[in-house]
Amino acid sequence: GAGVSQSPSNKVTEKGKDVELRCDPISGHTALYWYRQSLGQGLEFLIYFQGNSAPDKSGLPSDRFSAERTGGSVSTLTIQRTQQEDSAVYLCASSRNNSPLHFGNGTRLTVT
Amino acid sequence: AQKVTQAQTEISVVEKEDVTLDCVYETRDTTYYLFWYKQPPSGELVFLIRRNSFDEQNEISGRYSWNFQKSTSSFNFTITASQVVDSAVYFCALIPRGGKLIFGQGTELSVKP
């Protein structure tokens with residue numbers, strides 16, 4: 001069956017460029033999360049969308065980071081003027097209510 | 001404030017040993033859910049278990065068991081007779097009702113042959 005799909009799976013970009021990461025959640029899942037995982041580190045919460053409510057952006061590390069979710073489905077995480085410390089795996093997850101999160105395989109971002 | 005603490009950063013055991021991964025949580029909500037996820041070296045996050053705050057029954061699934069104790073705000077995970085394939089990072093997580101999922105920092109388990 002269709003799971004959470006993230007694209008691209010890998011992205012290499014030059015410092016200072018903007019990047020867009022895409023997440024296609026499981027159909028019907030109202031909750032969508034973005035997390036970041038640096039090498040050997042835990043899961044850092046970035047942003048959380050729940051239905052039509054205002055997103056919880058409390059985890060975004062700077063104003064260079066933004067995310068939107070169109071039509072309650074696809075989400076895009078945008079990082080402007082990328083820095084080397086932005087290099088990480090960006091994970092998207094979706095769920096229905098309080099059911100377990102289903103994670104995508106992540107986008108590995110490398111900023112050179 | 002909501003918080004999940006996994007005090008053990010790394011654990012190393014020899015195959016066939018039993019191992020317990022600790023998880024302590026904080027929340028003011030009376031309704032919440034607790035989870036364990038496994039992240040093997042391949043990187044994908046695998047759901048293991050969900051418990052709600054009203055169900056303190058311990059659960060066993062094969063070699064895995066979970067001990068949920070509200071009195072100590074703990075949700076510990078035990079692997080019996082560990083195997084090399086159990087080597088992974090294990091994350092405990094909490095979601096209060098209507099809130100967002102919060103992860104602990106993870107415990108890296110290494111099972112040596």
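Chain identifiers are assigned alphabetically (A, B, ...) following the order of the sequence lines, protein sequences preceding nucleic acid strands; residue numbering begins at 1 within each chain.
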Listed by residue number, which members of residues 103-112 of chain A have a heavy atom under 4.5 Å from any heavy atom of chain B? A/Phe103, A/Asn105
Are there residues of residues 53-60 of chain A that reach to under 4.5 Å of chain B by heavy atoms, and which ones?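 The list, in residue order, reads A/Asp56, A/Ser58.
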Mind checking whether B/Phe77 and B/Trp66 have parallel, tilted or perpendicular rings, split at 30° and 60°?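 Answer is parallel, since the angle falls under 30°.
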Can you classify the ring geometry of A/Tyr35 versus A/Phe45 as parallel (below 30°), tilted (30 to 60°) or perpendicular (above 60°)? perpendicular
Donor-acceptor contact below 3.5 Å, side chain [X] vs main chain [Y]:
X       : Y       : result
B/Glu56 : B/Phe54 : no
A/Ser75 : A/Cys23 : no
B/Thr27 : B/Asp29 : yes

Is there a donor-acceptor contact under 3.5 Å linking the side chains of A/Thr76 and A/Glu68?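 Absent: no donor and acceptor within the cut-off.
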Do the side-chain N and O atoms of B/Glu59 and B/Asn67 include a donor-acceptor pair separated by under 3.5 angstrom?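 Result is no, nothing qualifies.
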Does anything in residues 100-113 of chain B get under 4.5 Å of chain A by heavy atoms, and if so which residues?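 Heavy-atom contacts from residues 100-113 of chain B to chain A are B/Lys100, B/Leu101, B/Phe103, B/Gln105.
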Could you look at B/Tyr37 and say if it's the side chain, the backbone, both or neither that has a heavy atom under 4.5 Å from chain A?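 For B/Tyr37, side-chain heavy atoms alone lie under 4.5 Å from chain A.
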Closer than 4.0 angstrom, basic N to acidic O: yes or no for A/Asp18 and A/Arg64?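 No, A/Asp18 and A/Arg64 are not salt-bridged.
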Tell me whether A/Lys17 at atom NZ has more than 12 heavy atoms from other residues, nucleotides or ligands lying less than 6.0 Å away.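 Incorrect, the count does not exceed 12.
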Can you confirm whether more than 12 heavy atoms, excluding those of A/Glu14, are under 6.0 Å from its CD atom? no
Toward chain B, the part of A/Gln37 with a non-hydrogen atom under 4.5 Å: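 The side chain, not the backbone.
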Using non-hydrogen atoms only, which part of A/Leu91 is less than 4.5 Å away from chain B: side chain, backbone, both, or neither?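 For A/Leu91, the contact with chain B is made by the side chain alone.
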Between B/Phe35 and B/Phe91 (judged by ring centroids, cut-off 6.0 Å), do the two rings come close enough to count as a pair? no
Output the distance between atom CZ (A/Arg22) and atom OG1 (A/Thr78), rounded to the nearest 0.5 Å. 12.0 Å
Can you name the salt bridge (Lys or Arg N to Asp or Glu O under 4.0 Å) partners of B/Asp55, sequence neighbours left out?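 If we apply the salt bridge (Lys or Arg N to Asp or Glu O under 4.0 Å) test to B/Asp55, skipping adjacent residues, the hits are B/Arg51.
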Do A/Phe49 and A/Thr30 have side chains that approach each other closer than 4.5 Å (heavy atoms only, starting at C-beta)?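 Result no, sub-4.5 Å side-chain heavy-atom pair not found.
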